[in-house]
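Bear in mind that the values here come from a model prediction, so they are computed numbers and not experimental data. To find a chain, count down the sequence lines: A is the first, B the second, and so on, and within it residues start at 1.
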2 protein chains.
Amino acid sequence: MRRTKEESEKTREDLLNAAVRIFSEKGVARSTLDEIAKAAGVTRGAVYWHFENKTQIFEALHERLHRPFVDMILEDLEKDHPEPMVQLRDLCIQIMLDIEKGKQRQQTLILFFMKSDYSGDLAPYKDKHREKKAESMRLFKRYIEKAKTAGKLNTQADPELLTQCISCFMKGTFLNIWITRKALILKTKRLN
Amino acid sequence: MRRTKEESEKTREDLLNAAVRIFSEKGVARSTLDEIAKAAGVTRGAVYWHFENKTQIFEALHERLHRPFVDMILEDLEKDHPEPMVQLRDLCIQIMLDIEKGKQRQQTLILFFMKSDYSGDLAPYKDKHREKKAESMRLFKRYIEKAKTAGKLNTQADPELLTQCISCFMKGTFLNIWITRKALILKTKRLN
DNA sequence: CATCATACATACATAAATGTATGGTTAAAC
DNA sequence: GTTTAACCATACATTTATGTATGTATGATG
């Protein structure tokens with residue numbers, strides 16, 4: 001039954017959504033293409049039509065996750081905020097809340113943070129994903145540099161180190177969310 | 001060739017060490033018992049003698065990792081330090097340095113932090129390991145409570161929240177170590 | 001020193017997932 | 001209105017890991 005162009009694109013999306021669920025439940029390595037296909041309401045034939053293999057599904061998921069984040073930060077950086085550090089804080093909170101809301105994105109994020117060991121067939125993608133990660137780290141750094149040039153930050157402050165610390169704290173928080181399975185209540189008190 | 005009691009225990013250790021290597025390289029799910037056996041210089045026969053299956057090797061590794069940490073903290077908590085928060089800071093640094101040194105333990109830690117998705121056969125152990133984690137979290141909390149009762153901390157400080165934050169930061173740091181593969185230089189300047 | 005249980009190695013049976021090849025149906029192109 | 005090719009289902013061959021069953025040599029035990 002030959003489907004229309006839009007229906008074809010829908011099955012592709014269905015397959016990706018199903019992959020997130022199955023990958024999250026059983027891990028990437030233990031997930032079979034048959035499970036993913038059945039979860040999407042199709043057969044393995046459809047999978048092999050849209051993707052080369054399981055690894056390519058994995059790669060497609062990463063692209064679908066990373067892109068919106070970068071766009072979000074880039075758009076936010078355009079704004080001319082009087083207090084860049086407050087802006088950065090708000091961005092972090094916004095990211096947290098976004099993840100809290102979107103279950104799909106949340107699952108995908110946890111998938112790449114926690115459930116991807118980048119071993120075996122996935123090993124080649126470790127460097128690629130790391131580079132993408134470094135890219136968003138540089139975006140974060142720009143907030144701090146903005147604050148520093150605006151004289152809003154101690155002159156001895158090291159933007160690189162601060163960026164690392166923020167990244168560490170947020171990653172650790174995600175880790176705790178995953179471990180405790182309790183949503184953290186973000187107390188949004190003002191900084192000063 | 002029947003081995004002596006000590007030799008048998010050595011092959012068991014060899015198998016565990018090999019399992020850490022193989023698990024770290026290829027991930028738990030993708031690792032085969034044959035690889036582990038060969039890396040330890042034996043055959044799968046030895047594996048099935050010492051362990052029920054791959055899951056039990058996984059469990060044995062977790063026990064071997066967690067125990068020394070708990071013992072270390074418990075011993076440290078006995079000491080009567082004048083500044084509990086400094087003591088806690090020193091402990092954190094000590095833990096970091098310990099992991100930096102011991103490659104074996106480092107690999108095992110990364111294995112459980114990053115490479116274990118606790119899916120499939122491993123799912124039942126998620127709660128068990130989480131409970132062990134909570135146990136060490138309570139130990140950390142005792143440092144802060146010590147500081148509070150000693151009047152060394154702000155009365156409004158919430159030990160639970162502070163413990164969570166410290167845990168988040170350390171976990172995030174480990175995550176970054178794994179991702180950047182660059183050893184963090186711990187700046188051990190005094191706090192005040 | 002005869003026996004037994006330990007500590008493995010080897011062999012096989014089973015299952016399960018992958019890749020590919022092939023078949024079929026129908027949108028789309030002309 | 002054909003023809004083509006996209007889109008997917010079905011069938012099969014191959015591989016690979018697992019579990020188990022069995023073989024075997026030796027340290028331990030009386």
Distance check needed: [N] [atom2] versus [X] [atom1], whole Å only.
X     : N      : atom1 : atom2 : value
A:E6  : D:dA6  : CD    : P     : 16 Å
A:E35 : C:dT18 : CD    : C1'   : 14 Å
A:K38 : C:dA16 : NZ    : C1'   : 12 Å
A:E7  : C:dA27 : CD    : P     : 8 Å
A:I57 : C:dT18 : CD1   : P     : 10 Å
A:R30 : C:dA16 : CZ    : C1'   : 15 Å
B:E9  : C:dT6  : CD    : P     : 15 Å
B:L33 : D:dT18 : CG    : P     : 4 Å

Proximity to DNA chain D (any heavy atom under 4.0 Å), residues of residues 40-56 of chain A only: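 Correct list: A:V42, A:T43, A:G45, A:A46, A:W49, A:H50.
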
Under a 4.0 Å heavy-atom cut-off, which of residues 10-19 of chain B touch DNA chain D?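 Result for residues 10-19 of chain B: none.
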
A:M85 side chain near A:Q87 side chain, heavy-atom distance below 4.5 Å: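 No. Closest side-chain heavy atoms not under 4.5 Å.
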
Let me have the donor-acceptor pairs involving side chains of residues 42-49 of chain A, under 3.5 Å, with sequence neighbours excluded, atom names and distances please.
| unit_1 | atom_1 | unit_2 | atom_2 | d |
| --- | --- | --- | --- | --- |
| A:T43 | OG1 | A:G45 | N | 3.3 |

Any side-chain N or O of A:T32 under 4.0 Å from OP1/OP2 of C:dA16?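 For C:dA16, neither OP1 nor OP2 has a side-chain N or O of A:T32 closer than 4.0 Å.
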
Under 4.0 Å: is that the gap between some side-chain N or O of A:S8 and OP1 or OP2 of D:dC8?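 Yes.
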
Would you say the side chains of B:D90 and B:Q94 form a donor-acceptor pair under 3.5 Å?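 B:Q94 and B:D90 do not have a side-chain donor-acceptor pair below 3.5 Å.
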
Assess, by modelled atom type and distance only, whether the side chains of A:E13 and A:N17 contain a donor and an acceptor separated by less than 3.5 Å.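 On atom types as modelled, these side chains do not qualify, holding no pair under 3.5 Å.
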
Check B:K38 with B:D34, please: is the shortest side-chain N to carboxylate O separation under 4.0 Å?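 So B:D34 pairs with B:K38 through a salt bridge.
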
Does atom CG of B:D71 have more than 12 heavy-atom neighbours, drawn from other residues, nucleotides or ligands, at distances under 6.0 Å?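 Enclosed: over 12 neighbouring heavy atoms sit under 6.0 Å from CG of B:D71.
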
is_close_aromatic(A:F51, A:F58), centroid dist under 6.0 Å: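 No, ring centres 6.0 Å or more apart.
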
Using the salt bridge (Lys or Arg N to Asp or Glu O under 4.0 Å) rule, pick out the option among B:K146, B:K152, B:R89 that qualifies with B:E83.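 In the set B:K146, B:K152, B:R89, the residue that makes a salt bridge (Lys or Arg N to Asp or Glu O under 4.0 Å) with B:E83 is B:K152.
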
What is the ring orientation for A:Y125 with A:H129, classed by angle as parallel under 30°, tilted 30 to 60°, or perpendicular over 60°?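 Geometry flag for A:H129 against A:Y125: tilted rings.
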
